[in-house]
Visitor: 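Provided herewith is a single structure, encoded as structure tokens, for subsequent inquiry.
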Amino acid sequence: MAAAKATYEAAKGKKYTWGGHSTKGFDCSGFVNYTLWQANPSVGVHFITAAQLFNDNRFTEVTDPQPGDLIGFRKGPGISHDHVGIVYDADHWIGSQSSTGVAPVTFSNPYWSTKPHFFLRLKY
């Protein structure tokens, strides 16, 4: 998780950019892919979409989220497309949202806490 936190520190405040996957700008999956690549280069997670991450066999669904796990939101009521972020600590996850760019989000956030979500952990 130390590498993921260091990557977040380098990326925080970067603007939201649709399809972005570098420190010039990130969308949600671009930020997650970039962070996973920086923290675990041997796993080979290259740029894939949020929907593809949710179906990637290198991850398993968990009910006890830990820092570094992924939080996923499926397209549904109030969400126009799949969304993904990274669990930061017991109270926050980090994502790149169109409204904030790369920023922490509380698990109790009035918008996101009402959306069905799940957690994924890298198996390796």
Visitor: Measure the shortest side-chain to side-chain distance between Lys14 and Thr23 over non-hydrogen atoms and say whether it is less than 4.5 angstrom.
Guide: yes

Visitor: Which atom pair, heavy atoms only, marks the closest approach of Thr17 to Lys24?
Guide: OG1-O, 4.3 Å

Visitor: Apply the test side-chain contact (heavy atoms from CB on, under 4.5 Å) to residues His92 and Thr106: give CA-CA distance (whole Å), side-chain angles for both, the deciding distance (0.1 Å), then the verdict.
Guide: CA-CA 4 Å; His92 301 86; Thr106 62; 3.7 Å; yes

Visitor: Would you say the rings of Trp93 and Phe73 are close, in the sense that their centroids are separated by under 6.0 Å?
Guide: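 Under 6.0 Å, so yes.
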
Visitor: Kindly indicate whether the side chain of Ile86, heavy atoms from C-beta on, has any atom under 4.5 Å from the side chain of Phe31.
Guide: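 Side-chain contact under 4.5 Å: yes.
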
Visitor: Should Val87 and Asp69 be marked as a side-chain contact (heavy atoms from CB on, under 4.5 Å) after you check the CA-CA gap, both sets of side-chain angles, and the distance that decides it?
Guide: CA-CA 5 Å; Val87 175; Asp69 290 344; 4.2 Å; yes

Visitor: Closer than 4.0 angstrom, basic N to acidic O: yes or no for Arg121 and Asp64?
Guide: yes

Visitor: What do the steps show when you test Phe26 against Tyr16 for ring-ring contact (aromatic ring centres under 6.0 Å, His included), and what is the final call?
Guide: CA-CA 5 Å; Phe26 294 100; Tyr16 178 88; over 10 Å; no

Visitor: Would you check, one step at a time, whether the test side-chain contact (heavy atoms from CB on, under 4.5 Å) holds for Leu70 with Phe118?
Guide: CA-CA 8 Å; Leu70 305 185; Phe118 57 94; over 6 Å; no

Visitor: Return the minimal non-hydrogen interatomic distance between Asp82 and Ala51, and the atom names on each side.
Guide: OD2-CB, 3.1 Å

Visitor: If you define the side chain from C-beta out and look only at heavy atoms, does anything of His83 sit under 4.5 Å from Trp112?
Guide: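 They are in contact (side-chain heavy atoms under 4.5 Å apart), so the answer is yes.
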
Visitor: Using side-chain hydrogen bond (donor to acceptor under 3.5 Å, both in side chains) as the criterion, list what pairs up with His117, not counting sequence neighbours.
Guide: none

Visitor: How many angstroms lie between OG1 in Thr60 and CZ in Arg58, if you round to the nearest 0.5 Å?
Guide: 14.0 Å

Visitor: For the residue pair Thr100 and Gln97, confirm or rule out a side-chain donor-acceptor distance under 3.5 Å.
Guide: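 Yes, a side-chain donor-acceptor pair sits under 3.5 Å.
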
Visitor: Please report the shortest heavy-atom distance between Ser113 and Ser108, naming the atom on each side.
Guide: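 Reported closest heavy-atom pair: OG-O, 3.8 Å.
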
Visitor: Does a sphere of radius 6.0 Å around NZ in Lys123 hold more than 12 heavy atoms from other residues, nucleotides or ligands, not counting ones at 6.0 Å or beyond?
Guide: yes

Visitor: Which distance, rounded to the nearest 0.5 Å, do you find between the CH2 of Trp18 and the SG of Cys28?
Guide: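 If we round to the nearest 0.5 Å, Trp18:CH2 and Cys28:SG are 7.5 Å apart.
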
Visitor: To the nearest 0.5 Å, what is the distance between CG on Leu36 and CG on Asp56?
Guide: 9.5 Å

Visitor: Which atom names give the shortest non-hydrogen contact between Asp91 and Asp89, and what distance separates them?
Guide: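 Closest approach of Asp91 to Asp89, heavy atoms only: N-OD1, 2.8 Å.
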
Visitor: Is it the case that the side chain of Asn109 and the backbone of Val105 share a donor-acceptor pair, with hydrogens and angles ignored and the cut-off at 3.5 Å?
Guide: no

Visitor: List the atom of Phe59, the atom of Leu120, and the distance in Å for their closest heavy-atom pair.
Guide: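 Here Phe59 and Leu120 meet closest at CB-CB, 4.1 Å.
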
Visitor: Keeping Asp27 on the side-chain end and Gly19 on the backbone end, is there a donor-acceptor pair under 3.5 Å?
Guide: yes

